[in-house]
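Note sheet for the following structure.
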Amino acid sequence: MTPTTTWYLVLAAVLFGIGAVGLMVRRNPLVMFMCIELMLNAVNLSFVAFARAFTDIDGQTAVFFVMVVAAAEVVVGLGIIVSILRNRPGATVDDLAELRG
Amino acid sequence: MTMIADEGAQELRPRSELTAREVMREVGAVLRLSEAEAAKLGDLPEDPDEDQTMVINMGPSHPSTHGVLRLMLELQGETVLRCKPIIGYLHTGMEKTGEQLTFMQGGTNVTRMDYASPLNNELVFSMATEKLLGIDGDIPERAQWMRMLLSELNRMSSHLLFMATNGMDLGAVSMMIYGWREREEVLRFFQKVTGLRMNHNFVRPGGLAADLPAGWRDDVLRILDMLPERLEEYDILMTGQPIWRERLQGVGVITPAEALALGATGPILRSTGVEWDLRRDQPYLRYDEVEFDVVVGTYGDAFDRYAIRLAEIRESMRIVRQILDRMPEGDYRIQDKKVTPPPRARIDESMEALIHHFKIFTEGFKVPEGEVYVAIESPRGEIGCYIASDGSPTPYRMHVRAPSFVNIQCLPHMMRGGLVADAVAVISSVDPVLGEVDR
Amino acid sequence: MGLSDVIDDGLGGLSHNVITGRLEDLVNWSRSRSSWPATFGLACCAIEMMASGAAHYDIARFGMEVFRASPRQADIMIVAGRVSQKMAPVLRQVYDQMMEPKWVISMGVCASSGGMFNNYAIVQGVDQIVPVDVYAPGCPPSPETLIHAIETLHTKIEQGEIMRRRSESGAGAGIHVTEIPASSVPVLLGTR
Amino acid sequence: MTDTPHEDESAPATMHGCPVTDSRGQVVIHLGRDRYLEVMRVLVDEGFAMCVDLTAVDYLDYMDRSLPAGVEPERFEVVVNLLDIGQRRRIRARVQVSETDAVLPSLFDLHPGTEAMEREVFDMFGISFSDHPDPSRILMPEDWIGHPLRKDYEVGSIPVQFKGAPT
Amino acid sequence: MELLVFVLASVMVLAGAVGVIAYRNPVHAALGLVLTLFGVAVHFVSMEAHFLAAVQVIVYAGAIVVLFLFVIMLLGVDRAEDLDVEPFKIQRPLAVIVGASVTGLVIAAVVRGRSTLGEMSDAAAPGDDNIRALARNLYSDHVLAFELTSVLLIVAVVGTVVLTRRSRRPEVSQ
Amino acid sequence: MIAAVPMVDPVLDTDDWWWQPLAVVGLKVLVIFIIGLVGTMFMVWFERKIVAGMQNRVGPNKAGPFGLLQTLADGTKLFFKEDLIPDRADRMVFRIAPFLAFVPAFLVWAVIPLGGDFTGGRDGTVTWFGETTRVQLADPPVGVLLVLALSSIAVYGVMLAGWSSGSKYPLLGSVRASAQMISYEAALGLSLAAVLMTAGTLSTSGIVANQSSITNWHLLSTGVVPFVIFLIAMTAELNRPPFDLVEAEQELVGGFHTEYSSIRFALFFLAEFMNVISMSALLVTLFLGGPQPLYLGGVDVLAFLGPFGGTAWLLAKVFIFLYVYVWFRATLPRLRYDQLMNLGWKVLIPIALGWFLLLAVLQVGRDRNVGQTGYVVLVVASLAVLVLCYLLFQAALAVARRNRESEGAAY
């Protein structure tokens, strides 16, 4: 018995689900960020599975772009978190209502 | 390693508890600011970064604190905001012990203060005693020149020790071994002359404990011949080394005004460009008869202090060469029955001599009432000895003005704004000897 | 002998037989050949201690050039110099931070007995604070003396039982250290 | 210095109204506590910009020491050594401090370098310095009781013990 | 064999993912994330995407998570979050329900549509071909996108520098 | 299970008994593991002896002949020393950190060609005991990237060790470590890219095969610059002097491993030296032709060793770098943290990037067959770009400096 594309997609779906739940449950901004990474990875996994299934390299290219964008996103996101947490250590996202009007 | 002994009020206090005067001590005093101005400076930490600081403890058991110095550093990231040296971990009660020992025995006590240059300690104590006795003008020529020889050789060995520790603190491990290797040659000579490698108790009131051994001239010449090329090795390994210069230049800067206000002496004061060397400016022994240059720096940074010490080794070698040429024959100690024990040969012959010898070494000799302060230039700066006598054979009060004790106060001013790694370089460049700091 | 003994005491819980005997030899050999000293310089003796690591004396020959700044990794504490009342608790703490098995060399007369400083400030003998294995005489002991002390300690290590904990026997050089509970009143020295 | 003591004079010289003596060729000025800071300030203006040393002596057992006329011997004496780098001269100030009120104003504002020295004097003699920025012990542990260099403080020696000696 | 690899890697992925959301300490959560990333990399290898697997480890594990850890250590926010305190009573169960239903939905869709998917083709060529194909695709069809991502990266770096630069001017400190 | 073998070693001939290839792989693993351990033991001894020699000392000579067993003594002692996990430590992370440091150091060996016959354009396979195989544990198509990945994982060991100790000095050490390793990873990767572009492959054995003669060695064919940058960046990655700020004994006591004792500390110790050897081997593979022989006057002087000749060459070359590292340790003072960062970001990365661009231009020229004039135009144009970049860079630095000055120093 060898794993088929479906297996990978199901795994990706579960991973995505875990990430989504984490994002909704956790309140530490850093951990929430990690959950987003989980979800991105789930997507990556399904992309590669599709690329494999359709023998089309475009899927892998998409993954490549996702990784680059994820890197950029983490850099900016962590920058924001650093500048916020530096002024008020221990803040959770609930405390971060700075933008509320 | 985390620390330990809790000394409460001696430690660095949190900023919120600081009074205006304490802030002033940290930032304003040496600049002679008014209290209000200093307090204004101290208000700065109200910015939102305040809670980002971390207090770490270097020492008293830390590889780069030269023994048991303890520094509390307040860091922001790796930048040192405040620094407070805490001392006393080697407090030996030497000044109290000095009151129990006779003037004859006092040398054994003081020699253990600055253990990197013991002969200078003995010298200043002996000179103070001689001054109290009023025999300071009668010390034989040979004794004077011998004292100079030993003092200069000791300066060399002390500076070589500095080269070694400075190298070690900055991560140049080989330099440490090389410094020690050369110092060992000097110590070998000391051992031949005094019988001991350190803590000699050789310079005594009235002269020295013994004459120079046969062949001493060759031994000194061997050291003098060996050292120049070794020093050139140092130049290659460190002085000309880009990393070395980067690490030391512009680090731990102190201004002449600050150095004077803090009472710093020795290479620290000279590194700021102030020409002050007691050997030249208030000559003792026969320093006014030899030629040498006072080496001064320009920037007052750690590199200047390094370079000054390196150059002072060379100057000392120059002095030693002149001493070799001019060493007179004669007696190595004053022939004053009161302070000088009889020669060994006479003890076998004469009962009187035996009693005399016995009395000098048990009771000691009486020293007239009065008080005196004598200062000489040790490798670390001005070492002074203050003795108050009540006419008994023991000092009523014996106090040593230790250069390291005063110099160490410069640390907070040199470190402010530097990095942790700079802190290490700064401690190293001040070259404190904790035995002397804590006494 | 139960499993718990082995867990608590390492090999000390095992009774001696040929295999553990051989193993003991190996372990003793390795400990004596690789006893890393902690950097714990105090006074004059520290200079001589460092000198013995330098070119002329070179304790690296015994595998000892690895002066560990962190007490966790050190095996030998060379108490080099006089121990003041203020330093004593620090010294004890550093000793406690060291891992078993550990040995102490008391270097110089000041560490061994207070030396010439019989006064209020100096602890009269470091063996009041930590158990000492070897005393090196001299003020300061020359590097030769220190090396002799180290060699003596090495011999002692090679002959020792490998897993007996120091806390169990409290043994130093034939003396037992009894810990005195700290009193709330500071001990007064020298009030007349 | 306006009125330097001469080598041969017998009458006590004065400087800024304070008696000046000569001790083995060294200039010593005797100050009262009330004029301590003031004279020190004047001395700084005269060029003695560097305070090399500050220490104290406890004259408990030696109250009959010789002092110039007009100086009342007290138990403590604080000794300050000043240095004039420009003219290469030194002066020493001796200040009498009474046992009952062992307080002196701090020299910190004039010579920041005396900070550690004054702490040491406080630690060793119990003479406190008013207005000192950090009046804590420096050499002894913070919870130490007594001031070791006072003459009524024993040296603290314990009898020599020979461990393991046959009794 | 492939089954074994799949199962092991999937266990890694899921255990790591659960770790991320369950560990209280952010550092432990980050370690869980690393585990997941490795699992995903293993999946990539078994699907012949060697290059992506390597990049996954280098970029994600080597850079992004290290950055996370760095920030955690820098800010000292590594104390455990108190998971017992709930701001809204209903949030957690609701999140689980929403997450589960989304997952279920996707799984259902995938399983239903599995006939449209081609089976795993074993024809993937060994050697450098994966990399060459990826490179050719990247630099021909997607070259504009590639250049745009490089611009994005630069903008991100500059923006972050500006964002975190601390001004020491007193007027900023209120 | 048979299917696993080709994944690891595609060259391996699998027609035979199914256990034979597995046995070969297993044997390789075992041999590499043992050689790695012994090599590390030797390296520790070597370093202590050589440093001692440079410092006019004798070095260890009491444990075994010439002190050869010194490392064994250290290891045994550490193994039987009491272990401790500090109270404030994070127990789980504290336990796994040494392994995180140790395992990547070992894994690098998997992709390094340890020998083989590359002479005369052969592809490096040898036939031993009837099995045709590479003298290399695995030859994945992305071998070099694997090494990069492993070296980027190595930072975890250091970082987590410092953090989990729960005290200040190790934390400072680990923050330094992570910043340092991330920074130098970039320079490392960029200089590596120059090699990859010249070689045209990511596989380590392919890279070795590409360097058939000394003029083809990437040391020369990429210009010496990437080699120098790689050497410096690698020293920094390895936390070796003068870049050993992570451990910086004089400042941070022991850095990240301050709180470690016993066998856990031994693992860090081992990992450090293991890394030195494996990264030296990587350097040799990338720039000095790995097991390729050096023809002295047209003769392979080690040819008499037969199939072991390649291995001997590799060892000889690695040896040079081991000596270089010891040499660094004995002579250079340690850099300061900010100087380290400046060197990494403001010197190494721009130079590596510029050099890479230059090489790329030349490569394009070669591919497109532009003539002499075309080359001149290309080189001039790229030089112009580089100069412009450099000027912009300097301007940016000047602005940054001015800003810093106008804001004043801290407190």
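Labels below follow one simple rule: chain letters A, B, ... track the order of the sequence lines, proteins then strands, and each chain is numbered from 1.
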Side chains of K81(F) and D75(C): does their closest heavy-atom pair fall under 4.5 Å?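 Touching, per the 4.5 Å side-chain cut-off.
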Going from [atom1] on [X] to [atom2] on [Y], what distance comes out if it is rounded to the nearest 0.5 angstrom?
X       : Y      : atom1 : atom2 : value
H56(C)  : N56(F) : NE2   : CG    : 9.0 Å
F265(F) : M99(C) : CZ    : CE    : 13.0 Å
Y260(F) : Q73(C) : OH    : CD    : 11.0 Å
R72(C)  : D83(F) : CZ    : CG    : 10.5 Å

So does R61(C) get a backbone contact from the side chain of Q70(F), meaning a donor-acceptor N/O pair under 3.5 Å?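 No, Q70(F) side chain to R61(C) backbone: no donor-acceptor pair under 3.5 Å.
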Does R31(C) use its side chain to pair, donor to acceptor, with the backbone of F80(F) at less than 3.5 Å?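 Confirmed, R31(C) side chain pairs with F80(F) backbone.
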Output the option from L69(F), D74(F), T71(F) having the highest count of non-hydrogen pairs under 4.5 Å with chain C.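 Of the options given, most contacts go to D74(F).
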What residues of residues 47-55 of chain C sit under 4.5 Å from chain F when you count only heavy atoms?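 The list, in residue order, reads G53(C), A54(C), A55(C).
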Testing the basics here: between D58(C) and V58(F), what is the closest heavy-atom pair and its distance to 0.1 Å?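 Scanning both residues, the minimum pair turns out to be OD2-N, 2.8 Å.
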Which atom names give the shortest non-hydrogen contact between S30(C) and K77(F), and what distance separates them?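 Taking every non-hydrogen atom into account, OG-N, 3.5 Å.
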Interface moiety of L78(F) toward chain C, non-hydrogen atoms closer than 4.5 Å: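 The side chain, not the backbone.
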Kindly assign one of parallel, tilted or perpendicular to the pair F269(F) and W36(C), based on the angle between their ring planes and the thresholds 30° and 60°.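 Geometry flag for W36(C) against F269(F): tilted rings.
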